[in-house]
Structures are given as structure tokens and as C-alpha cells.
> 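Okay, handing you the structure first.
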Number of protein chains: 2
Amino acid sequence: MATIKDVAREAGVSIATVSYVINNTRPVSQETRRRVLEAARRLNYRPSIIARSLQAGRTHLIGYSWRPLPPEHGSPILDRFIHALGRAAYQAGYHLLAFPTPDVEREIEIYEELVEMGRVDGIVLSATNIHDQRVAYLQQTGFPFVAFGRAGAGWDYPWSDVDGTAGVAMAVRHLYELGHRRIAILAWPEDSLAGQYRFQGYLQGLEEVNLDFDPALVVRVEHAEHEGRRGLRQLLELPPAEQPTAVICVSDLIAIGAMNEALDRGLPVGRRFGIVGFDDIPIARYLRPPLTTVRQPVDEIGQAVVEQLVALIEEQPLDEAQRHRLLAPTLVVRASTTAE
Amino acid sequence: MATIKDVAREAGVSIATVSYVINNTRPVSQETRRRVLEAARRLNYRPSIIARSLQAGRTHLIGYSWRPLPPEHGSPILDRFIHALGRAAYQAGYHLLAFPTPDVEREIEIYEELVEMGRVDGIVLSATNIHDQRVAYLQQTGFPFVAFGRAGAGWDYPWSDVDGTAGVAMAVRHLYELGHRRIAILAWPEDSLAGQYRFQGYLQGLEEVNLDFDPALVVRVEHAEHEGRRGLRQLLELPPAEQPTAVICVSDLIAIGAMNEALDRGLPVGRRFGIVGFDDIPIARYLRPPLTTVRQPVDEIGQAVVEQLVALIEEQPLDEAQRHRLLAPTLVVRASTTAE
DNA sequence: TCACCTTAGTTAAACGTTTAACTACCTCCA
DNA sequence: TGGAGGTAGTTAAACGTTTAACTAAGGTGA
């Protein structure tokens, strides 16, 4: 591997001159520049990124970690998010260091290691929770970080997020327009931040179309298929007149559970009994019936968090609109709400 | 951020001594060692990984790139593979640098950049194809790399792979035992290496159970849901007596297409008309009916390729058994072949 | 003619480690 | 008594860059 020294020798100049030519950081005479460039080309020279990093105190690496989920869940959104991050990072001149964290206990150690060894310049967080120790740690050390997902009360840091409220409200309006008047929701437990916003969208949607809120139509479920099933069962235990004619689910996995339960019971999923998911996971369109769902703008979020993080790292100021970015989801209408 | 100099000053020794203590690389007296450790603890010292990298000429980073797939496909296996790689890399003292490559044209540039700047110590390839320019480049430069997926003819490099042949043969036996005598396969085009091995498993399975090979029962399809549908349609255009009673699909996505088409036509998917997939994607178990499928041992493969790559990087010899590792998949039997 | 500026280049320090080579001291035994 | 050997530590070079400070040469204006 050729170094700057080799190029300097080959071109008959000092290494400083080579550096100035390569980085275009000071005027160099035509002739010398030509010789240097020529020598660099001949030797196939590339500056060592490590030496640069040491000198500059920057690695041009951004870290992203995710928590392992049981394989039967998959984590389609975060998977797509990794892709989006990688792409966006590359465009910004960075690379992505991706590390799955083991158990939540040892998680913070890994962050400390990465930060304190100077492995990465900044960190992207996702799936933050209310009292997130990673946030506490990073905030306290002043290390650059951003999150996919809004900050909990008491925190203030840059984030980008999907506007779950708008997404679910859209779903409510969609169902209302199809004639539904008793619309239920399978929501996450109250300690889920993202779940709260989506639930707000439910309330907001009901208000927009002038429907009364009925607590009996809200079931709190965990993120699992069998929980979706359980949620629907619980709704169907209501007296017939009080049963919903449509159900909004706070994730596609839950929607799959609800749909499976409905179909098992012979409910006509479609126009008469509507089911809406959230995420638009890749197979949503291939389910039977294909699932109407709220699509998260994952690529845009990846792009947004990288922009924010790079600004932080490079110490460019962020105004309020850039610090907190809420991206609009889209409603993808399929047969699970429209099939006759 | 404290450096080794700070620790040396604090402990009243030279930086060399600190280094020897930290790395346990030469005997140091009890007392001095105690003082150094104490100082390091007080200053919360961590060796800079960049400085170490520069000195050692190793980054302890391994690169993994994947090609972007259209979002309606998802790439569940490669997604799980990233997780597995990250975990395995961490355990081996490495980190994972994950980079999606843009168009195939500019792909090779990115590899050159990473390799020649010394960004990573080694590279993991996946989805290699017959005349893979990445393989050609890496082979030629002698840079350490391994692949998830076997080498094409003419190449020789370390790889780990799932034994697709065994997996499909298993599926054939399973269907045979259920009483099927006309078993079809929706296979990938012939230029797919992985597809070839799976197809071999089909032939091998037929032979094991003494069934004749019928070319009419083989349909070549691309990796897409609508291709699975098309494949099944084509099979059902055969005269009734020649139609298959079970179909093995070379991927779950194709199986989903085949299953959707079968159900649309009122075929009783299950014991009487069996469908088998390949991959065991996360939602396979939640399909209706749940999909019988061949599960790829993705975690083990991730582990295996990292072991191979680290051996290459650290110049430990690999014997033949370690150089090429074929991992057994498992057949996950669900209702798509057993439901009454 | 001389001081000063400009231009084009070089020298050397710095980034934070590791490690080979060296020094100083002590102990041991012939 | 003195050399050999061992122990515990230090010095300084090296890894490959960037960049501030310097030098040398030529041009310019008073």
C-alpha cells in the first residue's frame, strides 16, 4: 500500500506538498501539482483513513445499534432503517458501524466503549424508551447523538420521527368514509411513547369525524401476533351492538394476528369488517386479504437523522425545525378495508 | 478524553510502562502496576482505538455490503444475516461496517475505496454471482474476504453456505411421506448458483424416494410473488393427470405467490395440495395456512463466516473443513403441507 | 539599492499508541 | 572482585497523515 511518503519521493517533493495537492488546501504550481497527481496515480495512492482519523480526531463513522428481537417478530422497520442509514451516511461522507446490543444490562457498556475509545463520531438511537439509560449516558457526556423517535418528557435532543398521530387519524377517516361508526384500536401499552402518539391519532381522528370515544373499543396489546388475536377476541366479547366494525392496529404484526383471528371466526375482512395495520412491512401487500396499512417513511427518516447527526458532529447549528423533524406517513389502501 | 500521556503523568511513570500494564505485555512490578491502574481508573482512560489501529495497521472493522432490493421483496435473510454478523463480529473483537451498495456499476468503486484506504480489515460478501466483479477484485488484490454462498466454478475462496441441496431433498421426502407422488418445483433461473444447489436437492430427493423426474414439473421463476403465482398457474395448465399435488418453492416469497394463486383457485392448500417454502421468513408461521418451509441457519452462517474471516485477517491457517462450511438447514413443518 | 511582499515549497511537530533498544540497578556465583 | 544475568523501568522511533511555521527566490515600489 503506497503512502504519502512514497508519492512524495516519486514526485520529488515533500510530503506536505503532496498533502496540499491531494486536499487542495493550499495553492501549488501547475507543474508540481501535475507531477504529484501523476505519481499518486502511478502508485495507486489513497490516503490512509486511519492516519487521517488520528490527525483529525474524527473517524467519519456513525454508530447505530439495535436491540435483538425474537426472530418470530422480525423487525422489518428497523431493518429497512439500517439500509436507509447506510445509504444516507455514505452520501454524507460517513460510514455506518452497526452493532446489535446483547441484553439490555450490558448495553450501556458497549456504548461507553464505542464512545470512549473514539470508535465513532456520533450515534443513532432507535426504539428509545421513557427512562432510556443510553440517552442519559450520551446526554451526560455530551456525545453527539440523534434518535429515530421522539424524546420523552424531560429530555431534549435532536430526533426525527414518523407522525404516528397523523397516520392513525388518517386511518380513522378512511374507515369513517367507508361507513364505519364503531372503530376499535389495538394499541400498545401506555408506557410506549410511539404507541401514545398513535393513540392520540385515534382520538384526534374520532374527533375530526365526530365520533364518540368508547373506552371499550381500546385494547392494549403487546407487539406480537398472538396479542393481536387476543385483542380481537376481547373486542368480540362485547355485546353484539357494541362490537366494532373495524379495527386499527398499531403495527402490522398485530394486524396480522387480528386478521387471522377474524378469519378464523368467519368474519368477512374487507369492507364490512375493516382491519388497518401500521408499518407496511414488505409482505403486507401479499397477505390475504392484502393489508391496508400506514406506511412509515423510513428512507426519509434515515436521511433526516443522518443530516441531524452530521450537523451535530460538525458543529453546525440546527434551528428548531431541523432539530425535530416529523415526517408524514402515507395510508396504503388495500383489500383488508375495501374487499366486498 | 484522557490519553496515555495523562495516565503516565498521573502515575508518575513513562507512557511505555502504562502501555505494558494496560496490555499486559511485559512484566511490571506490583506497585507500579497498581499505580498505573489506579491512575487509569481515576482518569477514566481508554486507549484510542484509532491510534492503536494506526500503529497496528488493523482497524478491527469488517465490512459487509448488500445490494438494495426493491422494498416489496424485503430481504429477510440478509437482514437477519446482518444481525448475526454484528453479533459474531463483536464476539471476535471486531465491529461491523455495513454499507449498502448503490447501482452495480459503482459498486466496485466502493470496494476499492474501503480496501485501499484501509477502512476495513476484511470483507464479507453475500449474494455472489457467477462472474462477480467484487470477487475478481478482492481475489486479485489478495484482500481478506469470505462469502455467504459458495464460490462459482473457477474461484476458490473461503465461504460458508446453507446446504440447500439437503434442505430441498428433505422437503421432497417430507412430501413423499405424506403420500405425494407428483411433486413440482418452482426453481430460480439456471444462472443462480444457490438455485442450482436447491434444484440438485430436488433431483436427489426424487431419487431417494424413487420417483421419476418429470421436466414438466419444473418451472423457472424469478424471486417475486407474482412469479410464484405465474409458476403455479403454469403447472395447473398441465392435463389433470399430470398436475402436481405438491409444490416446493425455492424461496418463501415465491411460496407466498404460489399459495395465493392456489387459494384463489380454490385448491385445498395443506395435506391434499402441499406447498413448501425456503427461508422461514418471520411471518411464514403467521400465513394462512402457516407455511411449511426450510429454515436457513442464518445465525450459524454469520458465526462461521466471521470465524473464517478473522482467521484470514489474523493469518491463521484454515484447513479444508474450515475453509468451506456447509450448514444444515431444518425443515419446519406447518399447516401448508399438513392441514386437513 | 534595499526593504518588503508574494509565491512555492520545505521542515517538523502533532495526533495516541506500541515496541525494540537501551539504561540502571541488583543479585549471584566463580 | 568482577562479569553475567535478571528485573524494572525509560527513551525514542514508528505508524501515515495534516498543518503551522519557516525558508528561499523572485518581483515591486520608493
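Quick note on labels: first sequence line is chain A, next is B, and so on, each numbered from 1.
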> List in chain and number order the residues that pass side chain to side chain contact (heavy atoms under 4.5 Å, CB included) with B:D156, two or more places apart in sequence or in another chain; answer none if no residue qualifies.
B:R323, B:H324
> With sequence neighbours left out, what residues match B:R42 under salt bridge (charged side-chain N to carboxylate O under 4.0 Å, His left out)?
B:E10, B:E38
> With B:N129, which residues qualify under side-chain hydrogen bond (donor to acceptor under 3.5 Å, both in side chains), at least two apart?
none
> Bend across the helix from C:dT1-D:dA30 to C:dA30-D:dT1, to 10°, with axes taken over 5 pairs at each end?
70°
> Which residue pairs pass the salt bridge (charged side-chain N to carboxylate O under 4.0 Å, His left out) test when at least one of the two sits in residues 117-129 of chain B, sequence neighbours left out?
none
> Name all pairs fulfilling the side chain to side chain donor-acceptor pair (under 3.5 Å) condition that reach into residues 136-145 of chain A, sequence neighbours left out, sorted by first residue then second.
A:E116-A:Y137
> In chain order, what residues pass the ring-ring contact (aromatic ring centres under 6.0 Å, His included) check against B:Y157, with sequence neighbours excluded?
B:F145
> Please list, chain by chain and in numerical order, all residues satisfying side chain to side chain contact (heavy atoms under 4.5 Å, CB included) with B:N24, sequence neighbours excluded.
B:R33
> Which nucleotides of nucleotides 16-21 of chain C have their base under 4.0 Å from a protein heavy atom (B), which only their sugar-phosphate (S), and which neither (-), written as one string 5' to 3'?
BBBBBB
> Show the numbers, then the answer: is there a ring-ring contact (aromatic ring centres under 6.0 Å, His included) between A:Y90 and B:F99?
CA-CA 8 Å; A:Y90 185 72; B:F99 57 108; 8.1 Å; no
> List for me each residue that meets salt bridge (charged side-chain N to carboxylate O under 4.0 Å, His left out) alongside B:E105, sequence neighbours excluded, and say none if there are none.
none
> List in numerical order all residues of residues 29-44 of chain A for which some heavy atom is under 4.0 Å away from an atom belonging to DNA chain C.
A:S29, A:T32
> Holding to salt bridge (charged side-chain N to carboxylate O under 4.0 Å, His left out), I want the full list of residues that pass it with B:R87, two or more places apart in sequence or in another chain.
B:D299
